[in-house]
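Worksheet: one structure, shown below.
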Amino acid sequence: MIPHQFQRLAPNEQRSRADSFYEEMNRRRSVRFFSDEPVPRHLIEQAIRTASTAPSGAHRQPWRFVVTGDPALKRQIREAAEEEERINYEGGRLPEHWREALEPLGTDWRKPFLETVPWVIVMFEERFGVDPDGSKRHNFYVKESCGIAAGIFIAALHHMGLATLTHTPSPMAFLTTLLGRPGNERPFCMFPVGYPAEDCVVPDLRRKGLDEVMVEV
């Protein structure tokens, strides 16, 4: 154990930070129209470092961020993702009520942004660890840990002026094959990362108010 380095803030500074961070994050939107403008690798690395500050079960940190900017690989990812999504949208794999819920968002099986963006990052959940001697090491609260890290990752990207989308083509096993990941890892979420296109549009959505998401007892 080591001493905790906690910075105690004055009440007015706490309120100022709380209000400004909320305003910043409230401007965050998921983007499906990206520019091909390059994004420095350093920003991606820092976003992943920031995500990895997330708490995790028994501090196992059961996540792997697989990063690619290779055009050929991004094309393969797009083609495989579109094939799965085409079956979802047009092949009857998505139930009617799900397609109705997605309709206001204007989504379909086409995912050209997977080639347009400079970076595609796939977060894998590590179902169990593997020790140097090949034995399995149990991981705890894997999905919960990865979900928290993914949220911090998204916040970090937005804070540094980048845009992303949480993309989960289902099923996602093709990502394990294309990215050469071991059997103890499973795709959790795919993040195209870049700058929004100049003509980018997003759905006109309303977020739930505080009284709809908070209950005091």
Side-chain angles (χ1 to χ4, degrees), residues 28-39 41 43-45 47-48 51 62-127 142-143 146-147 149-154 156-158 162-197 199-203 205:
R28 186 209 59 78
R29 296 300 304 267
S30 295
V31 166
R32 293 176 173 83
F33 302 93
F34 287 90
S35 164
D36 61 359
E37 181 180 352
V39 169
R41 180 189 177 89
L43 298 183
I44 303 302
E45 292 175 348
I48 293 172
W63 47 73
R64 295 291 181 275
F65 290 84
V66 181
V67 180
T68 185
D70 179 72
L73 185 52
K74 287 191 296 180
R75 174 177 287 275
Q76 287 181 290
I77 292 173
R78 174 191 177 179
E79 290 173 349
E82 286 185 332
E83 177 58 22
E84 296 293 356
E85 293 287 74
R86 186 186 60 78
I87 298 172
N88 286 337
Y89 280 88
E90 298 181 356
R93 198 153 61 187
L94 286 183
E96 182 63 27
H97 67 274
W98 194 339
R99 293 198 299 273
E100 289 177 358
L102 290 173
E103 189 172 353
L105 302 180
T107 63
D108 61 21
W109 60 267
R110 299 170 182 83
K111 311 297 177 185
F113 52 79
L114 291 174
E115 285 192 79
T116 306
V117 288
W119 299 102
V120 171
I121 297 141
V122 181
M123 183 183 190
F124 284 80
E125 59 179 58
E126 188 183 70
R127 298 183 297 127
V142 172
K143 289 192 179 298
C146 287
I152 294 177
F153 181 64
I154 293 167
L157 292 172
H158 180 74
L162 296 173
T164 190
L165 168 72
T166 51
H167 184 39
T168 53
S170 180
M172 293 197 289
F174 68 89
L175 290 169
T176 301
T177 302
L178 286 177
L179 298 174
R181 302 313 300 160
N184 66 319
E185 295 180 12
R186 181 166 47 204
F188 184 80
C189 191
M190 178 157 53
F191 301 94
V193 177
Y195 296 103
D199 58 351
C200 177
V201 294
V202 294
L205 301 178

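Each residue takes its place number in the sequence, starting with 1.
Here R99 contributes atom CZ and E90 contributes atom CD; the two are 10.0 Å apart, rounded to the nearest 0.5 Å. We find the CE-CD1 distance between M190 and I77 to be 6.5 Å, quoted to the nearest 0.5 Å. A distance of 9.5 Å separates CZ of F65 from SG of C189, quoted to the nearest 0.5 Å. Separation of atoms CZ (F34) and OG1 (T116) is listed at 9.0 Å; rounding is to 0.5 Å. The distance from atom CZ of R64 to atom CZ of F124, rounded to the nearest 0.5 Å, is 11.5 Å. Taking CD1 of I154 as the reference point, atom CG of L165 lies at 9.0 Å (rounded to 0.5 Å).
Two residues are said to be in side-chain contact when any heavy atoms from C-beta on lie closer than 4.5 Å; P203 and R29 meet this criterion. Taking 4.5 Å as the limit, every side-chain heavy atom of E126 sits out of range of all side-chain heavy atoms of V142. For the pair Y89 and T107, the minimum side-chain heavy-atom distance is below 4.5 Å.
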Query raised in the report: Do R93 and N88 pass the side-chain hydrogen bond (donor to acceptor under 3.5 Å, both in side chains) test, and can you show the C-alpha distance, the side-chain angles, and the key distance before you say yes or no?
Result: CA-CA 5 Å; R93 198 153 61 187; N88 286 337; 2.6 Å; yes
Requested in this report: Go through W109 and K111 one step at a time and tell me if the side-chain contact (heavy atoms from CB on, under 4.5 Å) criterion holds.
Outcome: CA-CA 6 Å; W109 60 267; K111 311 297 177 185; 5.5 Å; no
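For D70, the side-chain contact (heavy atoms from CB on, under 4.5 Å) partners are T68, A72, L73, not counting sequence neighbours. Residues passing the side chain to side chain donor-acceptor pair (under 3.5 Å) test with E115, sequence neighbours excluded: R75, R78. With sequence neighbours excluded, the residues that form a side-chain contact (heavy atoms from CB on, under 4.5 Å) with W98 are L94, P95, L102. In this structure V201 satisfies the side-chain contact (heavy atoms from CB on, under 4.5 Å) test together with F33, sequence neighbours excluded.
Contact record, A150 with F191: CB-CZ, 4.0 Å, taken as the closest heavy-atom pair. Closest heavy-atom contact between V39 and W119: O-NE1, 2.9 Å. Listed here is the closest heavy atom pair of L114 and V117: O-CG2, 4.1 Å. Nearest heavy-atom pair across C146 and P62 is SG-O, 3.2 Å. The two residues P38 and P118 have their closest heavy-atom pair at CA-CB, 4.3 Å.
Within 6.0 Å of atom CD in E103, 12 or fewer heavy atoms from other residues, nucleotides or ligands are found, so the atom counts as exposed in its surroundings.
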What donor-acceptor contacts under 3.5 angstrom involve side-chain atoms of residues 167-181, with partners at least two apart or in another chain?
from: R181; atom 1: NE; to: E185; atom 2: OE1; distance (Å): 2.8
from: R181; atom 1: NH2; to: E185; atom 2: OE1; distance (Å): 3.2
from: R181; atom 1: NH2; to: E185; atom 2: OE2; distance (Å): 3.0

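Here the rule is side chain to side chain contact (heavy atoms under 4.5 Å, CB included) with I121, and of L157, T164, I44 only I44 fits it.
Counting only residues at least two apart or in different chains, salt bridge (Lys or Arg N to Asp or Glu O under 4.0 Å) contacts with residues 166-180 are absent.
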